[in-house]
Amino acid sequence: MDVALLRQPSFSCPVRTPSARPLLPFPSNVSRVRTRHSRRRRLCSASGGAGGSDTLVAAGSKKGHGESRTKTGVVKREAETGDLKSWMHENGLPPCKVVLREKQSHDEKHRPIHYVAASEDLQVGDVAFSVPNSLVVTLERVLGNETIAELLTTNKLSELACLALYLMYEKKQGKKSFWHPFIRELDRQRGRGQLAVESPLLWSDSELDYLTGSPTRAEVLDRNEGVKREYNELDTVWFMAGSLFKQYPYDIPTEAFPFEIFKQAFVAVQSCVVHLQKVSLARRFALVPLGPPLLAYKSNCKAMLTAVDGAVELVVDRPYKAGEPIAVWCGPQPNSRLLLNYGFVDEDNPYDRIVVEASLSTEDPQYQDKRMVAQRNGKLAVQVFNVYVGKEKEAILEMLPYLRLGYVSDPHEMQSVVSSQGPICPVSPCMERAVLDQLSDYFKHRLSLYPTTLSEDEAALSGSNLDPKKRVAVQLVLLEKKMLNACLHATMELISQLPDHTISPCPAPFAPLLK
């Protein structure tokens, strides 16, 4: 389910997107759409409410006309076609043990979001639901040919871009589209996670400042540029996939859909795509109605949506009382990925981590020798160390041999220091002090990049009126700071264990670089 593993190039230019729009919108004003032809083609408009949140149907509503009350108290009528689950039952969903419930959004401008809850008491091993393949969107279904699907996703385009393009074209058809109820539900959810917060990909520049000091801010900017690259390749899909030619006689994608529209659709797909195991490449990424984001993601949950014969089913891994929200595993993702992909942070995430990148100095005359020694011991010239929550000391002990390698100059010492075990290397006390000082300075520097302290973050989270986006951002940076502080504490403990504290650190003109 880790969609962040998809190809995304690294750039640095941010793209701002208004987050108040539905996530699968389309342009209704033709004059705003670019065209490469001498005449402008009229774009289809999706009637029946596919494009706006005020036309989405609440869970449990029946066919016919419903009512919704505006802020001024005026009651208006809405044409409704039934909720998502009713549509699924009408199209082959067998009896299941879930219902759709709703929770209020933090933003009054947006309607409540839906979630999947148990309709009865469930026990471990119960099948909550089984969605037939006819109701699952995959590239095999979108492109009509597994070969072309594999070609596209192994070359320049990700599965998410192809799926987003498909849903945008389907939305143009409005109620005529078979997928209209599902698309309407995605519009309603707006790519929001458990806290009803959109991915930072849709945050404004000022909202991204909540992440100041965190590497996640740069990741958001890089991913935005990756989405832009995907957008620039959309025409390739349209020209290569004959099924799109036949079904959608509209302008080519980059003329029919501005970039901001595509990015919102991309984020919507990103928030709900499921990574199926033991299926063909063209089916591995799937959009499953009743799946995420209607299902809650939990890092400590082991239940997964699984491909079985002719369907995708969910077997629960824990007991549920009727009415309780049902959770699935989100994969071994750190909180930075959870926020980027799904808009939430899990404070009990056992897979949370920070990254320390160390690299041997290329200016070192012995760089090639040290690089070969590092490779023989399973390390690279640029080595990434993952520091997992609760295992900060173990991570420091793993880094030390690599860092020591950068300090030594005697060829006979290179192998001994990089393969040494234990917290103290007996080769040189002054070298050991230099290594540990470099580490402690590095962690102090990273902590200094955050504009707030741990206590200030904790005080902010204790308030009840904190903006939802700021709340998840503060949760993230607070957890990062705790891991960095634990690393600093472990390093200072090792310094205190040195036999002679009067020894000055050795000079290190070619010390490894840390970032």
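Hydrogens, waters and symmetry mates play no part in the numbers below; they use all other heavy atoms, side chains included. Values in this document were obtained by computation on a predicted structure and should not be read as measured data.
- For the disulfide bond (SG atoms under 2.5 Å apart) test, no residue two or more places apart in sequence or in another chain qualifies with C301.
- The pair R217-D209 meets the salt-bridge criterion, with a side-chain N (NZ, NE, NH1 or NH2) lying under 4.0 Å from an Asp/Glu carboxylate O.
- Side-chain atoms of E324 come within 3.5 Å of backbone atoms of K321 as a donor-acceptor pair (strictly under, hydrogens ignored).
- Residues A286 and T138 come closest through the heavy atom pair CB-CG2, 3.8 Å.
- Between Y169 and F257, the distance separating the two ring centers is shorter than 6.0 angstrom.
- The aromatic rings of Y297 and F344 lie parallel to each other, their planes meeting at an angle below 30°, with 60° marking the opposite boundary.
- We find that K298 and D346 are not joined by a salt bridge, their nearest charged nitrogen and carboxylate oxygen being 4.0 Å or further apart.
- Contact annotation: the side chain of L360 never approaches that of T362 to less than 4.5 Å [non-hydrogen atoms, C-beta and beyond].
- Cation-pi check for K469 over Y210 is not met; the charged atom does not lie both under 6.0 angstrom from the ring centroid and within 45 degrees of its normal.
- A donor-acceptor pair is defined here as one N or O able to donate and one able to accept, closer than 3.5 Å; such a pair exists between the side chain of N349 and the backbone of Q333.
- Taken from CD in E398 to NZ in K391, the straight-line distance is 11.5 Å, to the nearest 0.5 Å.
- R188 has a carboxylate O that lies under 4.0 Å from a charged side-chain N of E102, or vice versa, which qualifies the two as a salt bridge.
- Between the side chain of E392 and the backbone N or O of L484 there is no donor-acceptor pair closer than 3.5 Å.
- In summary, K470 and E207 do not engage in a salt bridge, as defined by a charged side-chain N under 4.0 Å from a carboxylate O.
- Under the 4.0 Å criterion applied to side-chain N and carboxylate O atoms, R433 and D437 are assigned as salt-bridge partners.
- Checked against ring-ring contact (aromatic ring centres under 6.0 Å, His included), Y402 has the following partners two or more places apart in sequence or in another chain: F385.
- Without hydrogens or angle criteria, K370 side chain to V408 main chain gives a donor-acceptor distance under 3.5 Å.
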